[in-house]
There are 4 protein chains.
Amino acid sequence: MGAVKTRRMPRAVREQQMLDAAVQIFGRRGYMAASMDEIAELAGVSKPLVYLYLNSKEDLFTACIRREAGTLAEAVRAGVRPGLPADRQLWDGLRAFFAHTAGHPHGWTVLHLQARTHGERFAAEVAALRAEIVAFVTRLIAAAAREAVPPAPGCVRAGRDTRDGDLPDQEVTGLAEALVGAAESLAAWANTTPGVTSRQAAATLMNVAWSGLGALMEGRPWTPPAVDPAVS
Amino acid sequence: MGAVKTRRMPRAVREQQMLDAAVQIFGRRGYMAASMDEIAELAGVSKPLVYLYLNSKEDLFTACIRREAGTLAEAVRAGVRPGLPADRQLWDGLRAFFAHTAGHPHGWTVLHLQARTHGERFAAEVAALRAEIVAFVTRLIAAAAREAVPPAPGCVRAGRDTRDGDLPDQEVTGLAEALVGAAESLAAWANTTPGVTSRQAAATLMNVAWSGLGALMEGRPWTPPAVDPAVS
Amino acid sequence: MGAVKTRRMPRAVREQQMLDAAVQIFGRRGYMAASMDEIAELAGVSKPLVYLYLNSKEDLFTACIRREAGTLAEAVRAGVRPGLPADRQLWDGLRAFFAHTAGHPHGWTVLHLQARTHGERFAAEVAALRAEIVAFVTRLIAAAAREAVPPAPGCVRAGRDTRDGDLPDQEVTGLAEALVGAAESLAAWANTTPGVTSRQAAATLMNVAWSGLGALMEGRPWTPPAVDPAVS
Amino acid sequence: MGAVKTRRMPRAVREQQMLDAAVQIFGRRGYMAASMDEIAELAGVSKPLVYLYLNSKEDLFTACIRREAGTLAEAVRAGVRPGLPADRQLWDGLRAFFAHTAGHPHGWTVLHLQARTHGERFAAEVAALRAEIVAFVTRLIAAAAREAVPPAPGCVRAGRDTRDGDLPDQEVTGLAEALVGAAESLAAWANTTPGVTSRQAAATLMNVAWSGLGALMEGRPWTPPAVDPAVS
DNA sequence: CATGAATGAGCGTTCATTCAT
DNA sequence: TATGAATGAACGCTCATTCAT
């Protein structure tokens, strides 16, 4: 392990090596437990060079987060073709997401666990990525609602108006949050459970999510029990 | 701030004070950034006493995790009445889960973020809790399937056999994982987004999840597109 | 060298040992070149203890400056008896000053050289001491002027009014500055030149200074040549 | 800021640019806090070139000291015309000294503060300059004594023989030391106190010093009190 | 002549942990 | 029971200095 000691590399290359090493160490040990010494050694350079190029531990961590967030977002974006129906887009996005996280476990750990655990400054970096994905999912849900709506012109389903605005914004966001959380959870599960492919994980999620959304939008929601006064 | 300085407390009480302080500090600062000095000070005792009772930082953290996992599990257990229908049990469990995490933010942070980011040793502790919850949800899903299946004896739904075993174990576990992940994500969302109550979060989740499960078990799953040979 | 390793000392004692060591090292190496390691070793304690008691290198240096400035000021104050004539007070003050600086060379170096060379923050600390001494000298000069004035009641010397206000404030301050600077210079000279006692140094300075002041106050100043237009 | 980037300069010029930059940085930050990076950048050259021309930080600092000492000495020398009376020579020398230090504050800081605070090696460099100035002043005092002595042939002043040898060498040196110290102190005072010109500072010093010397040489010294046996 | 790339060595600071009382 | 006193070990960061081109 540890890059072959090749001297005199151009700066850009060295920087990527350092980021590779840093993502690995940060993913394994966590931000605080990771030592710059270990990162430098794994990158095959001396510590001062890491500081020369990346300034500080904080900046290095931020650079890791940005790079990993960028490649993950790009992977999902590349997996989705905008023209297709909403369910197909979601399916493709999920497949790309599971595939990328499975292929970059350290990067995923950095984004999913480490960045959110060590200070607002880092959490904010990932929050942008998450917000982008949640927005993407939100758009798909809205699109699905629109596609699903016009069953019969003039038809009104049981006491509910079923135009797009059928689902309040906040509920849509909540649904997107739930879906993203489920996906994150399944990614970890699929990546650590032998015998589960990322395709199966995606299928499982689509199954429950898309059907649930359909039922929801067709006006067949699950009804909570009347408020139990003892629990509020 | 900090417990009132009362001398000569029985050991059990002192230990709880220390754990209270530790959970708070670990939750606020994270495992590594938390200092034994600060914990001892907040607990109102001297540092050697912390070591006398709890041996080391690792052991102290483990004790925190165990206690918080125990109280969370107990809260969920207490919220559910076994005799009721599966959907009601799930609803009650979710409500209890959201309520407890909202009421113990430091404890929840310790379990959800800190314990999973600082070494296998701690992650394993929470994994046990998560496994218990996933198992609980898995049982409910299975029960729901059983309840849903025999709608009319002799009825056979479109080409699929719809007994319990209809859904393979692995898929059920996957569904449970997804549901738990969605719940975790929604807990964070509801706890940090103003205007969203934990009840609404629970309702949103039940809506999509239960409807989705119903559709699944009635043999109307979402069908993935045929494998695109170009992407595998 | 280095205190005998005596364990478990009360805090106040240890702090003085640390300050002793720090003054010595700071005096010898300068603020920046002094290492906390060396100071701790000379004090006979571990480095963390130095930080526990004195917080940081800056604070340690400040503490050194304050202590040395305090003892020097105290020594001068103790050497002067307020009731005596101005020349006697100045003489006693000089003797005390030379004696103290000769007896505490490291402390004097810290005050005179190091503190003024390493940042405004430290310079300001010594400035207070210096201001006190300059003020003391200023008072003596003014007193001398008052004593010298009434040679004959009604007598007016050549075109100059010879009350106290005779010498403008700024000039008095300048004189005090000059005298203090001369004293500092002579202290270094006497302390490093073999065969020169601090008594001789004091006598030399009194000789020129007091006579000069006398001449000045009697209205026989040295007259600068007319302004040479070539030099401005 | 920083020299315009002009390539291919002759070595001598480049060296001067480096020394200019170094004096400025050393003066501002102090010897240890000054970084070769900053100096090279301010000089507009790359760091290896600084090492190529000036070997090391120590050598660079030494070169700075030598150059600044040289220009200061030269300025004083140029300000004094040997044929004139001693008091006029001293006055001119002081004026030149104050003017040069005021005009080269970084250089003066390097000589007066930095060089004396960072090791014998550098202190010795400035000591040479100081010795030269002290020697110059010593000569002037001696000349003044000679001028002052033969006021009236045959005249003998109160019990003291007043030829040149009247003042022992050591005392003359001490006087010169005092005067130089006073000048240094006044230079700092005049350069930092608004409303005080270097001309006033010089006048103040001449006033007290020359009158004092005069009184001294005319055999009217200040007499120290009898040794107080209690104090030694 | 000039520089981008690279490092050995060391420093200020902190922290979990223990001893002696 | 409880604590003031003390430390070994490590970490983030910087800097003077040198290759290789």
Side-chain angles (χ1 to χ4, degrees), chain A residues 5-11 13-15 32-40 44-60, chain B residues 5 7-11 14 32-40 44-61, chain C residues 5-11 13-15 32-40 44-60, chain D residues 5 7-11 14 32-40 44-61:
Chain A
K5 212 151 197 180
T6 327
R7 307 220 159 234
R8 303 274 149 186
M9 320 257 310
R11 172 166 180 158
V13 178
R14 273 276 191 262
E15 274 193 16
M32 299 237 48
S35 95
M36 295 298 273
D37 274 294
E38 195 179 1
I39 291 171
V45 297
S46 71
K47 220 182 349 172
L49 201 59
V50 179
Y51 279 89
L52 190 61
Y53 287 173
L54 288 144
N55 290 323
S56 70
K57 198 184 187 183
E58 277 203 43
D59 284 4
L60 174 56
Chain B
K5 212 150 195 181
R7 309 237 156 215
R8 302 273 153 189
M9 317 259 310
R11 168 159 183 162
R14 271 276 146 91
M32 298 244 44
S35 90
M36 296 298 272
D37 275 286
E38 197 179 1
I39 291 171
V45 298
S46 74
K47 220 176 357 166
L49 199 60
V50 178
Y51 277 88
L52 190 62
Y53 285 176
L54 289 142
N55 288 324
S56 73
K57 197 184 186 184
E58 283 207 340
D59 285 3
L60 173 57
F61 193 47
Chain C
K5 210 150 197 181
T6 326
R7 308 220 159 233
R8 303 274 147 183
M9 320 256 311
R11 171 165 179 158
V13 178
R14 273 276 191 260
E15 274 192 16
M32 298 235 52
S35 94
M36 296 298 273
D37 273 293
E38 196 179 2
I39 292 171
V45 297
S46 72
K47 218 177 359 166
L49 200 60
V50 179
Y51 278 89
L52 189 61
Y53 286 174
L54 288 144
N55 290 325
S56 71
K57 198 183 186 184
E58 278 203 41
D59 284 4
L60 173 57
Chain D
K5 213 150 196 178
R7 309 237 156 214
R8 302 275 153 187
M9 319 257 311
R11 169 160 182 163
R14 271 276 148 88
M32 298 245 38
S35 89
M36 297 297 272
D37 275 287
E38 197 178 3
I39 292 171
V45 299
S46 74
K47 220 178 350 170
L49 198 61
V50 179
Y51 278 88
L52 188 62
Y53 284 176
L54 288 143
N55 289 324
S56 71
K57 198 185 188 185
E58 282 208 340
D59 285 3
L60 173 57
F61 193 47

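Lettering follows sequence order; numbering is per chain, from 1. The structure displayed is predicted, hence computed values, not measured ones.
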A:Ala34 near the nucleic acid: base, sugar-phosphate alone, or nothing, with a heavy-atom cut-off under 4.0 Å?
sugar-phosphate

Suppose we define a pair by two distances each less than 3.5 Å, Watson-Crick or G-U wobble; what does E:dT21 pair with here?
F:dA2

Below 4.0 angstrom from OP1 or OP2 of F:dA2, is there any side-chain N or O of B:Arg14?
yes

So CG of B:Leu60 and NZ of B:Lys57: to nearest 0.5 Å the spacing works out to 9.0 Å

Heavy atoms from C-beta onward define the side chain here; which of F:dG4, E:dA16, E:dA6 lies closest to that of C:Arg8?
F:dG4

Starting at CG of D:Leu54, measure out to CZ of D:Arg14 and round the result to the nearest 0.5 Å.
12.5 Å

Rounding to an integer number of Å, can you tell me how far C:Met36 CE sits from F:dT7 P?
14 Å

Separation of C:Asp37 atom CG from F:dA10 atom P, in whole Å?
15 Å

Could you give the CG-to-P distance, from D:Leu54 to F:dA16, as a whole number of Å?
14 Å

To the closest 0.5 Å, what do you measure between CE (B:Met36) and NZ (B:Lys47)?
8.5 Å

Minimum heavy-atom distance A:Ser46-A:Ala40, with the two atoms named:
C-CB, 4.0 Å

Length of the line joining D:Glu58:CD and F:dT17:C1', which is rounded to integer Å
13 Å

Map A:Lys57 and C:Arg11 onto DNA chain F by nearest heavy atom, then report which one ends up closer to the 5' terminus.
C:Arg11

Tell me which residues in residues 46-53 of chain D put a heavy atom below 4.0 Å from DNA chain E, sorted by number, or none.
D:Ser46, D:Pro48, D:Leu49, D:Tyr53

Pairing partner of F:dG8 (Watson-Crick or G-U wobble, both distances under 3.5 Å):
E:dC15

Nearest-nucleotide 5' precedence on DNA chain E, C:Asn55 against B:Asn55:
C:Asn55

Whichever of C:Ser56 and A:Pro10 has its nearest DNA chain E nucleotide further upstream toward 5':
A:Pro10

Would you mind reading off the distance between A:Leu60 atom CG and F:dC13 atom C1', rounded to a whole angstrom?
13 Å

Nearest 0.5 Å, please: how far is OG in A:Ser56 from CG in A:Asp59?
3.5 Å

Measure from CE on A:Met9 to C1' on F:dC19 and round the result to the nearest Å.
17 Å

Sugar-phosphate, base or nothing in reach of A:Ala40, heavy atoms under 4.0 Å:
nothing

